[in-house]
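Indexing begins at 1, ligand by ligand and atom by atom, following the structure's order. Just so it is clear, the values below take in all heavy atoms, side chains as well, and ignore hydrogens, waters and symmetry mates. We number each residue from 1, following the sequence as shown.
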Amino acid sequence: MISIKNAKKTYKMGGEEIKALDDVSFEVSEGEFIAIVGPSGSGKSTLLHTIGGLDSLDSGTVTVSGDDLASLKDKDLARYRNKTVGFIFQNFNLQSRYTALENVELSLIFGGIPKKERMNRAKDALEKVGLADRIDHKPPELSGGQQQRVSIARAMVNSPKIILADEPTGNLDSKSGEMIIDLLHDLQKNLKVTILVVTHDDRIAHKADRILRILDGKIVEDLSNGKKETVKEYTD
Ligand SMILES: Nc1ncnc2c1ncn2[C@@H]1O[C@H](COP(=O)(O)OP(=O)(O)OP(=O)(O)O)[C@@H](O)[C@H]1O
Ligand SMILES: [Mg+2]
């Protein structure tokens with residue numbers, strides 16, 4: 001479903017070249033749950049951003065359902081980012097001036113869906129993440145775990161095929177993190193969403209079908225479910 005071939009991305013900083021992605025190739029099947037692990041600066045976020053169409057490659061290709069992202073017109077790329085992909089960030093990326101309901105609803109504005117339907121769908125999504133009684137709260141009036149659940153509702157309200165999550169439990173206590181992990185798992189199981197999650201959290205890595213380890217912009221290990229017992233050795 002997702003195919004990454006010879007992906008390269010270099011950043012130039014004051015004469016120094018940083019290879020954020022150094023010839024990365026792998027395939028992702030529909031409905032797969034992949035954990036991406038590796039030390040800070042190894043290229044994990046860069047990889048997620050290129051798959052999500054937020055960032056382009058210097059060379060190589062990202063193909064999703066047969067479409068090379070680099071060949072999409074601006075409008076189609078915008079639609080891809082909004083409809084096909086749902087993002088979840090470590091710092092939630094919610095609009096603090098808007099309520100939970102409005103934050104989720106914002107995702108639907110792009111599609112030209114009438115106000116009433118937007119409200120209903122946003123409410124529905126917030127109910128699914130257990131926040132029916134918090135829809136009128138603004139992010140500063142919510143706990144970290146609740147804010148992350150709002151961002152999951154926002155990511156799933158467009159029924160995306162792919163969820164890209166960057167350290168979704170990084171800012172949460174262990175109980176809230178557990179709930180987020182269960183929600184991601186439910187999305188995979190019930191809605192067959194393909195999930196790529198960057199994480200340092202062993203609990204996520206253990207639930208994943210597959211674990212990719214990145215080091216200096218390269219994939220150095222690609223472990224599937226059956227070998228999960230060795231995971232602990234190499235997650236950091
Ligand atoms: N906009 C940028 N300009 C210059 N260098 C960048 C930029 N974005 C990322 N880099 C560099 O590219 C490398 C990979 O960055 P990336 O954010 O993908 O790492 P990461 O694995 O997500 O790290 P972390 O776990 O700390 O989030 C890093 O060395 C980083 O300094
Ligand atoms: Mg990162």
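Between the side chains of D166 and S45, at least one donor N or O sits under 3.5 Å from an acceptor N or O. In this model, a donor atom of one side chain and an acceptor atom of the other lie less than 3.5 Å apart for S3 and E27. One side chain, D209 or Q188, offers a donor N or O that lies under 3.5 Å from an acceptor on the other.
Looking at L142, V129, T99 one by one, the single match for side chain to side chain contact (heavy atoms under 4.5 Å, CB included) with R134 turns out to be L142. F33 pairs with exactly one of V193, L196, T194, I204 by the side chain to side chain contact (heavy atoms under 4.5 Å, CB included) rule, that one being I204.
Under 4.0 Å from ligand 1, not a single heavy atom of E167 appears.
Atom numbering of ligand 1 starts at 1 in the shown order; those under 4.0 Å from a heavy atom of S45 are 17 (O), 18 (O), 20 (P), 22 (O), 27 (O). Residue T46 approaches ligand 1 through these ligand atoms, each under 4.0 Å from one of its heavy atoms: 14 (C), 15 (O), 16 (P), 18 (O). Every atom of ligand 1 is numbered from 1 in the order shown, and the set under 4.0 Å from a heavy atom of M13 is 4 (C).
Of all protein heavy atoms, the one closest to atom 26 (O) of ligand 1 is S40 OG, 2.5 Å. Remark: minimum distance from atom 25 (O) of ligand 1 to any protein heavy atom is reached at K44 NZ, 2.7 Å. Protein heavy atom nearest atom 28 (C) of ligand 1, with residue, atom name and distance: G41 O, 3.6 Å. Atom 31 (O) of ligand 1 has its closest protein heavy atom at I18 CD1, 4.4 Å. In this structure, atom 9 (C) of ligand 1 lies nearest to the protein heavy atom Y11 CE1, 3.4 Å.
With contacts defined as side-chain heavy-atom distances shorter than 4.5 Å, the pair F89/L48 does not qualify. The shortest distance between side-chain heavy atoms of L77 and D74 does not fall below 4.5 Å. Using a 4.5 Å cut-off on side-chain heavy atoms (C-beta onward), V198 and E167 make contact. Contact check for R97 versus E102: no side-chain heavy atoms found under the 4.5 Å cut-off.
Polar contact check, A20 against ligand 1: no nitrogen or oxygen pair lies under 3.5 Å apart.
Enclosure of atom NZ in K19 is not indicated, since only 12 or fewer non-hydrogen atoms of other residues, nucleotides or ligands lie within 6.0 angstrom. Other residues, nucleotides and ligands place no more than 12 heavy atoms under 6.0 Å from the CE atom of M179.
In this structure, S42 has a heavy atom closer than 4.0 Å to ligand 1.
The number of protein N, O or S atoms lying under 2.8 Å from the Mg ion (ligand 2) is 1.
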